[in-house]
Amino acid sequence: MRAMMRGVAFLAVLGLWAGVSAGPTRAAEAVTFALDWAILGRHAGYFASLENGYYSAEGLNVTLLRGYGSGDTIKRVAAGRGEFGFADIGALIIGRIREDIRVKSIGVMYSKAPHSIFVFTKSGIKGPKDLEGKAVGSTAGSSVRMMFAGFAKTAGVNLDRIRWVYVDPVSLFPLFLAERVDAMTEFNLAAPLIEKQAAAKGLKVQVIPYADHGLSFYSNALLARDDYLRQKPAVARGFVKATMRGWQFAFDRPDEAIEILRKAHREVDPVVGKAEVQIVKELALTPEARQYGLGYVDRAKMASSIDLIVDAFDLKKRIAPEEVYTNDFISR
């Protein structure tokens with residue numbers, strides 16, 4: 001009898017590990033999750049959720065896809081070509097106002113905006129005002145570039161004295177590293193890779209975050225369609241819970257999270273990837289997230305984010321914060 005009971009216990013543990021719950025089995029809910037860009041260290045938490053069975057424990061069979069920019073991801077979700085997405089809230093606000101795209105945030109990851117200016121320490125640029133009269137590299141559709149107007153306003157920078165140099169995304173880092181511009185716009189998440197590449201050329205990099213100079217707004221978040229959230233709230237709740245659980249694992253055990261990611265993406269440098277996870281932790285675990293739960297959105301800050309986007313992109317109307325986010329799926 002004891003041997004039989006030990007066997008049953010072993011099978012139960014094995015079943016839980018595989019994501020199978022006790023009792024009658026049911027088919028897992030198949031969902032697609034589209035990221036914002038190519039797979040990088042900053043995406044490690046999602047792979048941890050997959051590998052560790054957090055999604056399957058919530059009855060989900062998640063297919064994780066790389067993205068091609070926040071705008072594309074939002075449109076993919078809006079068109080039903082993906083149940084969930086990860087994209088910039090600024091792009092979401094623009095899509096909601098201009099195209100009536102019915103998608104909203106169900107959990108913000110970058111509660112502190114990663115939008116930044118990169119310069120070389122030898123350039124003499126120590127703060128925002130020093131950018132005046134300088135050449136700044138960017139991509140034309142970059143949210144970092146578009147939010148520069150708000151950054152300039154809060155930091156007292158004369159926009160007319162900035163000389164913009166536009167290139168395609170693939171050419172931006174080489175442009176900067178070749179010192180053909182004095183600065184470049186990019187998420188601070190790129191700092192570990194840029195710093196490594198710059199060090200190989202004997203250069204040191206300084207990062208100037210918009211958030212450190214008075215511009216506070218939300219950035220990337222988990223997204224889903226309004227109608228999907230009404231139709232399948234339990235699925236959305238399980239997805240958010242499992243995703244945040246994966247990120248907590250990555251924050252607590254970054255080396256393991258990166259090794260999980262690298263099983264599928266060996267091209268990710270482990271040192272750079274781990275550093276990106278640390279930056280995500282700093283962006284995500286704000287005081288409000290620690291108090292109310294990872295992914296939580298403060299209504300007043302979202303209203304302020306909407307105002308900044310409307311002004312920066314010269315949009316014709318404002319929308320209520322509730323059109324852009326919900327906290328209904330956050331575990332507290």
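Atom CZ of Arg163 has 12 or fewer neighbouring heavy atoms from other residues, nucleotides or ligands inside a 6.0 Å radius. The environment of Lys104 atom NZ is dense: over 12 non-hydrogen atoms of other residues, nucleotides or ligands sit within 6.0 angstrom. Heavy atoms of other residues, nucleotides or ligands lying less than 6.0 angstrom from NZ of Lys153 number 12 at most.
Hydrophobic cluster membership differs between Leu177 and Ile125, with clusters built from Ile, Leu, Val, Met, Phe, Trp and Tyr side chains linked at under 4.5 angstrom. Residues Leu172 and Val136 are members of separate hydrophobic clusters, defined by side-chain heavy-atom contacts under 4.5 angstrom among Ile, Leu, Val, Met, Phe, Trp and Tyr. Hydrophobic clustering, with ILVMFWY side chains joined whenever heavy atoms are under 4.5 angstrom apart, groups Ile106 together with Met109. A continuous path of Ile, Leu, Val, Met, Phe, Trp and Tyr side chains, each step under 4.5 Å between heavy atoms, connects Leu64 with Val268, placing both in one hydrophobic cluster. Both Val324 and Ile94 sit in one connected hydrophobic cluster of ILVMFWY residues. Membership requires side-chain heavy atoms under 4.5 Å apart, directly or through other members.
The six-membered or imidazole ring of Tyr46 lies near that of Phe86, with a centre-to-centre distance under 6.0 Å. When ring centroids are compared, Phe173 and Phe176 stay outside the 6.0 Å threshold. Ring centers of Tyr210 and Phe217: at least 6.0 Å apart, outside the cut-off.
Residues Val108 and Ala221 share a closest heavy-atom pair of CA-CB, 3.5 Å. When all heavy atoms of Pro270 and Glu259 are compared, the closest pair comes out as CB-OE2, 4.2 Å. For the residue pair Ala135 and Val165, the shortest heavy atom distance occurs at CB-CG2, 4.2 Å. Across all non-hydrogen atoms, the minimal contact from Thr73 to Gly85 is CG2-CA, 4.0 Å. The nearest pair of heavy atoms linking Ile117 to Val119 is CG2-CG1, 4.0 Å. In terms of heavy-atom proximity, Ala289 sits nearest to Ala284 at CB-O, 3.2 Å.
Here Lys281 contributes atom NZ and Asp252 contributes atom CG; the two are 6.5 Å apart, rounded to the nearest 0.5 Å. Residue Tyr218 holds its OH atom at 10.0 Å from OG of Ser304, rounded to the nearest 0.5 Å. Distance check: Ile258 CD1 to Asp269 CG gives 9.5 Å after rounding to the nearest 0.5 Å. Distance check, rounded to the nearest 0.5 Å: OG of Ser105 to CG of Leu222 gives 7.0 Å. A distance of 10.0 Å separates CZ in Arg266 from CG in Leu261, rounded to the nearest 0.5 Å. The CG atom of Asp212 sits 8.0 Å away from atom OG of Ser116, with the distance rounded to the nearest 0.5 Å.
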List the steps and the verdict of side-chain contact (heavy atoms from CB on, under 4.5 Å) for Glu288 and Ser111. CA-CA 9 Å; Glu288 63 202 43; Ser111 187; 3.1 Å; yes
Give the C-alpha distance, both sets of side-chain angles, the deciding distance and a yes or no for side-chain contact (heavy atoms from CB on, under 4.5 Å) between Asp88 and His115. CA-CA 11 Å; Asp88 183 58; His115 301 57; 4.0 Å; yes
Check against side-chain contact (heavy atoms from CB on, under 4.5 Å), Arg76 and Leu65: CA-CA 11 Å; Arg76 180 186 299 187; Leu65 301 177; 3.6 Å; yes
Are Phe47 and Phe249 close enough, and set up right, to give a ring-ring contact (aromatic ring centres under 6.0 Å, His included), and what steps lead you there? CA-CA 11 Å; Phe47 285 83; Phe249 175 91; over 10 Å; no
Step by step, work out the side-chain contact (heavy atoms from CB on, under 4.5 Å) result for Ile309 and Met147. CA-CA 7 Å; Ile309 296 295; Met147 290 305 295; 3.3 Å; yes
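Under 4.0 Å is where a charged nitrogen must lie from a carboxylate oxygen, and between Glu29 and Lys232 at least one such pair does. Salt-bridge formation is not detected for the pair Arg81/Asp72: no Lys NZ or Arg NE/NH1/NH2 atom is positioned less than 4.0 Å from an Asp or Glu carboxylate oxygen. A salt bridge is absent between Glu58 and Arg245: the closest approach of a Lys/Arg side-chain nitrogen to an acidic carboxylate oxygen does not fall below 4.0 angstrom.
Ring-plane geometry between Phe187 and Tyr110 is classed as perpendicular, the angle between the planes exceeding 60 degrees on a 0 to 90 degree scale with a lower cut at 30.
Counting only heavy atoms from C-beta outward, the side chains of Arg102 and Arg96 approach each other to under 4.5 Å. Counting heavy atoms from C-beta on, the side chains of Arg225 and Val103 come closer than 4.5 Å. Considering only heavy atoms from C-beta on, Val205 comes within 4.5 Å of Phe120 through its side chain. At least one side-chain heavy atom of Leu131 sits less than 4.5 Å from a side-chain heavy atom of Phe148. The closest side-chain heavy-atom distance from Asp328 to Leu229 is not below 4.5 Å. Residues Thr32 and Glu83 are in side-chain contact: their nearest non-hydrogen atoms beyond the backbone lie under 4.5 Å apart. Val157 places a side-chain heavy atom less than 4.5 Å from the side chain of Glu132. Inter-residue side-chain proximity for Val280 and His43 is flagged as unmet; no heavy-atom pair is nearer than 4.5 Å.
In this structure a side-chain-to-backbone donor-acceptor pair under 3.5 Å is missing from Thr185 to Val144. Put simply, the side chain of Lys75 never gets that close to the backbone of Gly95: no donor and acceptor are under 3.5 Å apart. For the pair Asp168 (side chain) and Ser171 (backbone), a donor-acceptor distance under 3.5 Å is present. When atom types are taken as modelled, the side chain of Thr63 and the backbone of Ala30 share no donor-acceptor pair closer than 3.5 angstrom.
Judged purely by distance below 3.5 Å, without hydrogens or angles, the side chains of Thr243 and Tyr55 pair a donor atom with an acceptor atom.
Partner of Phe84 under the ring pair (Phe, Tyr, Trp, His ring centres under 6.0 Å) criterion, chosen from Tyr228, Phe33, Phe329: Tyr228.
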